[in-house]
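Letters A, B, ... mirror the listed sequences (proteins, then strands); counts begin at 1. The figures here come from the full heavy-atom set of this structure, side chains too, leaving out hydrogens, waters and symmetry mates.
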Amino acid sequence: MKIGEFSFQSRLFLGTGKYPDFDIQKQAVEVSETEVLTFAVRRMNIFDKEQPNFLEKINLKNYRFLPNTAGAKNAEEAVRIAKLADASGLCDMIKVEVIGCDKTLLPDPVETLRATEMLLNDGFTVLPYTSDDVVLARKLEELGAHAIMPGASPIGSGQGILNPLNLQFIIDQANVPVIVDAGIGSPRDAAYAMELGADGVLLNTAVSGADDPVKMAEALKLAIHAGRLGYEAGRIEKKQYAIASSPKEGISIGG
Amino acid sequence: MKLLINGDLIQMEENVENVEELIGVLGLSDKSLIVEHNQIILKKQDHMGASLSDGDQLEIVHFVGGG
């Protein structure tokens, strides 16, 4: 899979929030074989000289970084957060995330579109997190977004893919990678996204919130691989009635 | 000298000439962080050249876990 100038073997993008501890997180990240990690940008506690950071625990060379603009309520705030992230020197791509509703955490379509345009003009590799609106996804691509990241269901909800039809439409029309982002709760959900033809899956809570995050990281890795293979292999059509797998003739029963 | 850092007005005990010295005084020199000085986002190599004056506004941010 290619996004902008970056090529990836892994189709799993992994968030870095809400793990029980850094050791479990590090193991989960390694087991997942992800090549892309997301982060958020926040104020430091300047009075705490310790504040260990997960970035200190990993080999930075093994990953591409996809900071998000979470916290932004409009395009201008998203651009500012993106530029802060970029100043770190650890911003390969930017995930545009402009939340328009505090309760559902669904993205603001207008501000997402504006932020995407502004960041593209500034030369960023831009991956907008968007709702599963088909027309909006097309408009983001027309602006030049390097990938489209439609949500499966609300962030952190684990409800899986609520509107496979829209996701299918988005995937069918897209000429850039489609990464299903947000709402994935289980290996089944991830495999389903991949079987629909998604190029990848971005998830966080499905791993970090699992009883055993390391095992779940492996399960999701395998599910994404399985789903992709299934997509490439081409599944059979669904039929209403049974069609026997065994020959009907050649045995002397009931004849 | 008083500085507004991350929204808190902080009286600096020591004299700090620039952003690089401030980071040192705060004991955060070995941290991966990003500084915005009076609404201007600085690259690390610009910290030394960013002179501080009384009342300057600073945002000191870093990467935290997120999805």
**Q.** residues 38-46 of chain B: residues contacting chain A (heavy atom under 4.5 Å, by number)
**A.** B/I41, B/L42, B/K43
Q | Any donor-acceptor N/O pair, B/N6 side chain to A/I46 backbone, under 3.5 Å | A | no
Q: Check whether A/D181 gets within reach of chain B through its side chain, its backbone, both or neither, counting any heavy atom under 4.5 Å.
A: neither
(Q) If I take atom CZ from residue B/F63 and atom CZ from residue A/F65, how far apart are they, to the nearest 0.5 angstrom? (A) 8.0 Å
Q) Short question: side chain of A/T16, backbone of B/G66 - any donor-acceptor pair under 3.5 Å? A) yes
Q: Examine distances only and state if a side-chain atom of B/K31 and a backbone atom of A/E50 form a donor-acceptor pair shorter than 3.5 Å.
A: yes
Q. Of all residues at least two apart in sequence or in a different chain, which pass the ring pair (Phe, Tyr, Trp, His ring centres under 6.0 Å) check with A/Y192?
A. none
Q. Roughly how far apart are B/I60 CD1 and A/L84 CG, rounded to 0.5 Å?
A. 12.0 Å
Q.
Taking side chain as everything from C-beta outward and backbone as N, CA, C, O, which of these in A/K95 sits under 4.5 Å from a heavy atom of chain B? Side chain, backbone, both or neither.
A. side chain
Q | Shortest non-hydrogen contact between A/K49 and B/L28, atoms and distance | A | CA-CD2, 4.1 Å
Q: Could you look at A/A85 and say if it's the side chain, the backbone, both or neither that has a heavy atom under 4.5 Å from chain B?
A: both
Q) So which part of A/Q51 gets closer than 4.5 Å to some heavy atom of chain B, the side chain, the backbone, both or neither? A) both
(Q) Let me confirm one number: the CZ-CD1 distance from A/F47 to B/I5, rounded to the nearest 0.5 Å. (A) 7.0 Å
Q) Looking only at atom types and distance, does a side-chain atom of A/R42 sit under 3.5 Å from a main-chain N or O of B/V64, one as donor and one as acceptor? A) no
Q: Identify which part of A/L90 has an atom lying under 4.5 Å from any heavy atom of chain B, answering side chain, backbone, both or neither.
A: both
